[in-house]
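Heads up, the thing below is written out as structure tokens.
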Amino acid sequence: MINDKIDQLKDLVAKDLAQTKADLQQAKDKVSELGNEIKQKGQETVEDVKNFAAKDLEQTKADLQQAKEKANELKQKGEQAFDEVKTSVAEKHSESKAALAAKTDEIKDKLAETQQSAKEKIEHLKDEASNKLDDAKAKATELKEEAAAKFEDIKVQASSKLDELKKAATDTFNKFKG
């Protein structure tokens with residue numbers, strides 16, 4: 001009778017352990033899948049940021065806003081998924097809750113690092129775009145001043161030539177007259 005109870009208890013513990021392992025593996029798979037999705041979205045965001053430099057300032061501003069929205073959407077989606085995973089595992093097995101919470105925090109930290117890195121790259125690209133715009137404005141001013149100086153030179157030359165033509169016409173007229 002005692003051996004039967006021990007065997008039943010062993011079977012119960014083995015089933016519970018197997019279920020715990022299955023649930024933990026499922027949680028790990030979901031966390032891994034979410035990590036891959038976050039990594040992919042992070043890479044897409046970085047690619048988007050790289051493409052900002054080639055666009056004009058207004059387009060860059062619009063793209064920056066889209067990147068911010070995409071990052072916020074990704075953050076919300078990630079936090080929601082983490083909360084779901086955390087809740088599910090906590091309800092089923094309190095022992096694995098601490099390990100999952102640590103993994104969740106680690107992934108959240110990685111997400112925050114990715115978002116911070118993306119923000120820094122966006123700021124860097126904004127600075128570069130602003131510098132390029134300032135350079136373009138300075139070059140335009142320089143070209144305008146250069147054109148104005150050349151125009152003045154041409155006006156002086158034209159005026160001088162006109163005076164010469166007037167004198168030649170007057171001399172020719174005086175020759176025919178006199």
Side-chain angles (χ1 to χ4, degrees), residues 19-158:
Q19 182 63 42
T20 299
K21 286 180 180 179
D23 291 343
L24 184 57
Q25 185 60 44
Q26 183 182 10
K28 284 180 181 178
D29 292 345
K30 189 165 186 174
V31 167
S32 177
E33 179 183 316
L34 189 57
N36 288 338
E37 184 179 337
I38 289 169
K39 182 178 177 183
Q40 179 185 358
K41 291 287 185 181
Q43 288 172 344
E44 289 173 6
T45 301
V46 168
E47 286 301 316
D48 289 346
V49 169
K50 285 180 182 176
N51 291 330
F52 289 160
K55 297 177 182 175
D56 66 0
L57 186 59
E58 290 303 315
Q59 184 63 42
T60 300
K61 286 180 181 178
D63 290 346
L64 287 172
Q65 185 60 38
Q66 285 178 344
K68 286 179 184 177
E69 290 170 2
K70 196 182 272 187
N72 285 335
E73 178 184 324
L74 180 60
K75 178 182 177 188
Q76 289 174 351
K77 189 174 183 180
E79 287 176 351
Q80 181 181 2
F82 288 132
D83 290 343
E84 288 173 6
V85 168
K86 221 165 127 179
T87 301
S88 174
V89 172
E91 289 172 355
K92 292 179 181 179
H93 305 285
S94 62
E95 291 177 2
S96 61
K97 184 178 180 181
L100 185 59
K103 188 68 175 175
T104 300
D105 290 342
E106 179 184 330
I107 291 173
K108 282 183 179 180
D109 291 343
K110 286 180 181 178
L111 176 61
E113 288 174 15
T114 300
Q115 288 174 332
Q116 183 61 34
S117 176
K119 284 179 184 178
E120 288 171 2
K121 287 179 181 181
I122 288 170
E123 286 302 316
H124 175 72
L125 289 172
K126 277 174 64 177
D127 291 344
E128 279 186 17
S130 179
N131 290 340
K132 285 180 181 179
L133 182 61
D134 290 344
D135 290 347
K137 284 179 181 178
K139 185 67 175 178
T141 301
E142 180 183 321
L143 290 172
K144 179 181 171 187
E145 290 171 358
E146 197 175 294
K150 285 182 180 179
F151 180 71
E152 282 302 315
D153 287 348
I154 290 171
K155 270 178 51 178
V156 168
Q157 289 174 1

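Reckoned from all heavy atoms, side chains included, excluding hydrogens, waters and symmetry mates.
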- Note on the structure: By side chain to side chain donor-acceptor pair (under 3.5 Å), E37 pairs with (sequence neighbours left out) K77
- Out of K119, K121, Q115, which one pairs with S117 under the side chain to side chain contact (heavy atoms under 4.5 Å, CB included) rule? K121
- Message: List the residues meeting side chain to side chain donor-acceptor pair (under 3.5 Å) with E120, not counting sequence neighbours, and say none if there are none.
- Response: Q116
- Note on the structure: side-chain contact (heavy atoms from CB on, under 4.5 Å) filter on Q25, not counting sequence neighbours, yields K28, D29
- Item | Sequence-distant partners of Q40, side chain to side chain donor-acceptor pair (under 3.5 Å), two or more places apart | E44
- Look up atom CD in E128 and atom CG in D135, then write down how far apart they are to the nearest 0.5 Å. 11.0 Å
- Residues in side-chain contact (heavy atoms from CB on, under 4.5 Å) contact with K155, at least two apart in sequence or another chain: F151, E152
- Any side-chain heavy-atom pair of K144 and T141 under 4.5 Å: no
- Item | Reported OG1-to-CG distance for the pair T104 and D109, which is rounded to 0.5 angstrom | 10.5 Å
- Residue set satisfying salt bridge (charged side-chain N to carboxylate O under 4.0 Å, His left out) with E123, at least two apart, ordered chain then number -> K126
- Query: Listed by chain and number, what are the side-chain contact (heavy atoms from CB on, under 4.5 Å) partners of E106, not counting sequence neighbours?
  - Reply: K103, K110
- Query: Roughly how far apart are Q26 CD and Q19 CD, rounded to 0.5 Å?
  - Reply: 8.5 Å
- Message: So, using side-chain contact (heavy atoms from CB on, under 4.5 Å) as the criterion, who are the partners of K150 when residues are at least two apart?
- Response: E146
- Could you list the residues that satisfy salt bridge (charged side-chain N to carboxylate O under 4.0 Å, His left out) with K139, not counting sequence neighbours? E142
